[in-house]
Chemist: 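Okay, handing you the structure first.
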Amino acid sequence: MEFTSTRNNSLSVSSAQAILQGLSEEGGLFVPRQFPQVDLAEACRLDYCRLARLVLEGFLSDYDPAFLGQAAEQVYGANFGGKAGQLSKVTEDVYSLELWHGPTCAFKDYALQLMPRLLVKAKEMLDHTETTLILVATSGDTGKAALEGYRDIPGIAIKVFYPTGGTSEIQRLQMATQQGDNVAVYAVRGNFDDAQTGVKRAFADKELAKKLAADNAAFSSANSINWGRLVPQIVYYFYAYGRLVEQNRIALGDKVDFCVPTGNFGDILAGWYAKQMGLPVGKLVCASNKNNVLTDFFATGTYNAKREFFKTTSPSMDILVSSNLERLLYHLSGCDSQLVAELMASLAQTGSYTVPAGLLEAIRADFAAGWADDETAAKEIAARWTDSGYLCDPHTAVAFRVAEEYGRETGRPCVVLSTANPYKFPAAVLQALGQPVPQGDFDALRALSACTGTTPPAQLAGLEGMTERFDRVIDPAEISAVALEK
Ligand SMILES: *Cc1c(COP(=O)(O)O)cnc(C)c1O
């Protein structure tokens, strides 16, 4: 399978090269030239690991299939406690695809547990012997999921930077207690933007790159625009569909809608790829919080990032530039890389762009969109708990709300992608349930457990009292210097 760039489709690279390189040199994203077709009846019968192998083989045709099968077993088997792709019925016709049964309780585990293995293999296939140094700026979830994914992977070192006071106590401890010989974690004085700007500066620093090269090392990022992070997310759309068939909720071939809490547009785009591969998808419903730039885009065809930024109770969706949307624009414009390059130049220069009417129509045929603010999401958490006995986190609640509102076709099931475990946000969930909220995260965890009779995941509850390995606090200006430290 060949990959090309959204901004220059005369370019062709292999999947290994797309994964190693991350971003095309002119700034475009790598996209597949074709969509491998899947035999739906067969896909519905496969267990998660074998299904993952099938999807990966289709796109990563330059990789050894046996390697992909082995990697899928290692990543999605015992590692996910046998609960990869677990589907729960919540209301009549609405299901929750629980994507938080992985090692760090974040849906990003699906991609970040597999991606390092794909990267190491790509280096081997392309004769790259240098040490890969991954730098990550994080506001919480990505940092921990990346640390856990890359820990003790040969030929790779990872350094994570988070803003002091910018994460929850639990998120901070998840990172500060990280195990592994190739990992380092730093608190950066300032907010997330300060940490991210520092990391971007390090990536762009030519002197730094030279010093690294002299040491046979090179930078890389664990960014969500890498194809290696997208492709693992296609698998669970097929898997959820297979469970609905298996449980006789639908007949093979019936359409299913998917509603996805969206930030960078990676997770929902994976559903669109699944549809191109033959999955009977009705609508892909894009759920946003108060940062509703995507809702406006689907309504008007104008993507306008020049707007106020809101901090919400669903922080992983607090994003104004959804990078992966670029891939959709490329495919649905008939692979018009010149148009995409123009739109992205407009976004960079003016903060907005408008797509041609025909492109908007094509997008609307596949997608619906809606949004919910914090107060509405909190009410949804309470309603799902009281009416359905289902406890969900604020990100998932936004999607439940939007799934109820977007104008569904009656009788068509809707699968909501549940992206975070409620115990990652115990204070917000307690408050939504109308309970008093204690000061510390662990007291909130216990209070949530006591009032709902549910059990917090051991990975989170077990953090209390664990020894912290990393306690360094640095200034943003020091990021480049510590990146070189052994
Ligand atoms: C990252 C994340 C999202 C957004 O996913 P995208 O692929 O960026 O759209 C939603 N919910 C949670 C909990 C996340 O961590």
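Both counts, for ligands and for their atoms, begin at 1 and track the order of listing.
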Chemist: Does R469 reach the main-chain N or O of G180 with its side chain, forming a donor-acceptor pair under 3.5 Å?
Modeler: yes

Chemist: So if I count the atoms of ligand 1 from 1 in the order they appear, which ones are less than 4.0 Å from some heavy atom of D141?
Modeler: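 Close to D141: 15 (O).
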
Chemist: Could you tell me whether some N/O pair between M317 and ligand 1 is separated by less than 3.5 angstrom?
Modeler: no

Chemist: For atom 7 (O) of ligand 1, grab the closest protein heavy atom and report residue, atom and distance to one decimal in Å.
Modeler: D267 N, 2.9 Å

Chemist: Can you tell me how far CG of N324 sits from CH2 of W272, rounded to the nearest 0.5 angstrom?
Modeler: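 The distance works out to 12.5 Å.
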
Chemist: What's the separation between atom CG in L294 and atom CG in N289, rounded to the nearest 0.5 Å?
Modeler: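 It comes to 10.5 Å.
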
Chemist: Could you list the atoms of ligand 1 found under 4.0 angstrom from a heavy atom of P261?
Modeler: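 The atoms of ligand 1 under 4.0 Å from a heavy atom of P261 are 4 (C), 10 (C).
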
Chemist: Report yes if some heavy atom in the side chain of I268 is under 4.5 Å from a heavy atom in the side chain of F367; otherwise report no.
Modeler: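 Answer yes - side chains close enough.
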
Chemist: With respect to G266, determine whether any N or O atom, backbone or side chain, lies less than 3.5 Å from an N or O atom of ligand 1.
Modeler: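 Checking ligand 1 against G266, an N or O pair does fall under 3.5 Å apart.
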
Chemist: Based purely on interatomic distance, does N264 place a nitrogen or oxygen under 3.5 Å from a nitrogen or oxygen of ligand 1?
Modeler: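 Checking ligand 1 against N264, an N or O pair does fall under 3.5 Å apart.
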
Chemist: Would you check if R229 and K108 make a side-chain contact, meaning some heavy-atom pair closer than 4.5 Å?
Modeler: yes

Chemist: Does ligand 1 have an atom that lies less than 4.0 angstrom from a heavy atom of S224?
Modeler: no

Chemist: Looking at D393 and K424, would you say the former's side chain and the latter's main chain have a donor-acceptor pair under 3.5 Å?
Modeler: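 Side chain of D393 to backbone of K424: no pair is present.
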
Chemist: Atom 14 (C) of ligand 1: which protein heavy atom is closest, and how many Å away?
Modeler: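 Minimum-distance protein heavy atom for atom 14 (C) of ligand 1 reads K108 NZ, 2.8 Å.
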
Chemist: Side chain or backbone of F265 under 4.0 Å from ligand 1, or both, or neither, by non-hydrogen atoms?
Modeler: backbone

Chemist: Could you identify the single nearest non-hydrogen protein atom to atom 11 (N) of ligand 1 and state the distance to 0.1 Å?
Modeler: T419 OG1, 2.8 Å

Chemist: So for ligand 1, is T262 a polar contact partner (N or O within less than 3.5 Å, distance only)?
Modeler: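 N/O-N/O distance below 3.5 Å does not exist for this pair.
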
Chemist: Please step through salt bridge (charged side-chain N to carboxylate O under 4.0 Å, His left out) for the pair E342 and R7, ending with a clear verdict.
Modeler: CA-CA 9 Å; E342 283 165 19; R7 300 187 199 177; over 6 Å; no

Chemist: Among all protein heavy atoms, pick out the one at the shortest distance from atom 9 (O) of ligand 1; state its residue, atom name and that distance to 0.1 Å.
Modeler: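 Among all protein heavy atoms, the one nearest atom 9 (O) of ligand 1 is G263 N, 2.8 Å.
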
Chemist: Any atoms of ligand 1 less than 4.0 Å from a non-hydrogen atom of A420? List them with their elements.
Modeler: 13 (C)

Chemist: Would you say I319 and ligand 1 have an N/O pair spaced under 3.5 Å apart?
Modeler: no

Chemist: Would R307 count as a cation-pi partner of F309, with NZ or CZ less than 6.0 Å from the six-membered ring centre and within 45° of the ring normal?
Modeler: no

Chemist: Rounded to the nearest 0.5 Å, what separation is found between the OG1 atom of T197 and the CZ atom of F161?
Modeler: 13.0 Å

